[in-house]
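Have a look at the structure below, then the notes.
So you know, we letter chains A, B, ... as the sequences are listed, proteins then strands, and number each from 1.
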Protein chains: 2
Amino acid sequence: MSEKRTFSISELSQEFDVTTRSIRFYEDQGLLKPARRGQTRIFSTKDRVRLKLILRGKRMGFSLAETKELFDLWDETLTGNEKQLLKMLEILSDRRAQLEQQKNDIAQAEMEIDTAEARCRESLEELQKKKKQQVATPKESEQTAT
Amino acid sequence: MSEKRTFSISELSQEFDVTTRSIRFYEDQGLLKPARRGQTRIFSTKDRVRLKLILRGKRMGFSLAETKELFDLWDETLTGNEKQLLKMLEILSDRRAQLEQQKNDIAQAEMEIDTAEARCRESLEELQKKKKQQVATPKESEQTAT
DNA sequence: GATAAAGTTTACGTAAACGTAAAGTATTTT
DNA sequence: AAAATACTTTACGTTTACGTAAACTTTATC
């Protein structure tokens, strides 16, 4: 059984370090569907999971619309007509392709960071050498300063 | 020696499937610095590389401002004062951390896609079974339709 | 030399994703 | 019950990353 805890908007806000404004906006856009007690929002564990997915999506460069599309599709899929299931499989396969692309991008970026770092360290060493030389034969300005 | 070819705006536009408007915008924001022949832009291989980096950055969820920051910093670093070199190393290490985070995100997403796909396939099999049963004992509506 | 094709600047428009009041309600604390 | 705290809606403002149109110049083509 998936826990029956509930969360207030500020709890989620703090836990995920996102403003309440954003959370309300996500609801407004149909990504979250918290229950209400009076007019106060009550978030379920399902909402919490979705919020987590939204934020991860953002980190991965997905728009809210794209994430919503996935949510909606998944909900539809649960009602399980064959056409929808097949469409879902297609979408999933698209996502997988996107993820592959991103993995390539990341690998590339990592290599570039490697070489960039190497160059930085080389330059630093060069500077260190020059420093040592300066200590061995100090400049006039530094001698007179004494 | 890095090739001395040059490119027109439309060549780059086609190669990377991005509008000329976008390319001009990137220049406007200081991310590209094409030479000019009269008022026509002439892009170098360096510009081309940078465009590629911009687009990859976008796929990875980086804003133009973030990418520009990196470009600028790298340019500064080349002039090589020690403080800047150390700052660059810091930034690089930050990026590395970000990439790690993204790799985690991707791994998570892949797992979720795996389970989602599995569920889809299960549901599909269920439907197939029901279909077979229907063929064995067809519905009245389908009988009368003949 | 007209006309199309490719380039340019200028400038207003727009969608996404919130930020930021303003003004009100509900609940809890003192 | 007064004040503070947490929540709400409404609504206008802002930034980013371009789209789109207008009016103009330069270069290639017929």
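- Between A:Ile9 atom CD1 and C:dT27 atom C1' the separation is 17 Å, expressed in whole Å.
- The cationic group of B:Arg95 lies under 6.0 Å from the six-membered ring centre of B:Phe62 and within 45° of the ring axis, placing it in a cation-pi geometry.
- Between A:Thr40 and A:Thr19, the one whose closest nucleotide on DNA chain C sits nearer the 5' end is A:Thr19.
- Between the CD1 atom of B:Ile23 and the C1' atom of C:dA6 there is a distance of 14 Å, rounded to whole Å.
- For the pair A:Arg50 and A:Phe71, the cation sits on the ring face: its NZ or CZ lies under 6.0 Å from the ring centre, inside 45° of the axis.
- One N or O on the side chain of A:Ser13 and one on the backbone of A:Val18 form a donor-acceptor pair closer than 3.5 Å.
- Whole-Å rounding puts the B:Ile42 CD1 to C:dA6 C1' distance at 13 Å.
- The distance from atom CG of B:Leu12 to atom P of C:dA6 is 16 Å, rounded to the nearest whole Å.
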### Task
Could you walk me through whether A:Ser22 and A:Thr19 pass side-chain hydrogen bond (donor to acceptor under 3.5 Å, both in side chains), step by step?
CA-CA 5 Å; A:Ser22 296; A:Thr19 66; 2.9 Å; yes
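- Within 4.0 Å (heavy atoms only), A:Thr20 reaches no atom of the nucleic acid at all.
- The phosphate of C:dC18 has OP1 or OP2 within less than 4.0 Å of a side-chain N or O from A:Tyr26.
- Proximity of A:Ser8 to the phosphate of D:dA6: no side-chain N or O atom is located under 4.0 Å from OP1 or OP2.
- B:Phe7 places its CZ atom 14 Å from the P atom of C:dG7, with the value rounded to the nearest Å.
- Here C:dC18 presents its P atom at 15 Å from CZ of A:Phe16, a figure rounded to the nearest Å.
- Place B:Arg37 and B:Leu64 on DNA chain D by their nearest nucleotides, and B:Leu64 ends up nearer the 5' end.
- Distances from the side chain of A:Ser10 to the nucleotides D:dC7, C:dG7, C:dG19 place D:dC7 closest.
- Put simply, B:Lys58 has a side-chain N or O that comes within less than 4.0 Å of OP1 or OP2 on D:dC18.
- A salt bridge is defined here as a Lys NZ or Arg NE, NH1 or NH2 lying under 4.0 Å from an Asp or Glu carboxylate O, and B:Glu100 with B:Lys103 meets this definition.
- The interatomic distance linking A:Asp17 (CG) with C:dC18 (P) rounds to 13 Å, in whole Å.
- Distance B:Phe25 CZ to C:dT14 P: 17 Å, rounded to the nearest Å.
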### Message
Set out, in order, the CA-CA distance, both residues' side-chain angles and the distance that settles salt bridge (Lys or Arg N to Asp or Glu O under 4.0 Å) for A:Arg96 and B:Asp114, then state yes or no.
### Response
CA-CA 9 Å; A:Arg96 231 189 270 278; B:Asp114 286 347; 2.7 Å; yes
Return the polar atom pairs (N/O with N/O) between nucleotides 9-11 of chain D and the protein under 3.5 Å, or none.
residue	atom	partner	partner atom	Å
D:dT9	OP1	A:Arg36	NH1	3.0
D:dT9	OP1	A:Arg36	NH2	3.3
D:dT9	OP2	A:Arg41	NH2	2.0

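- Remark: A:Ser22 is in phosphate contact with C:dG19, judged by side-chain N or O atoms under 4.0 Å from OP1 or OP2.
- A salt bridge links B:Glu112 with A:Arg56: at least one charged nitrogen is closer than 4.0 Å to a carboxylate oxygen.
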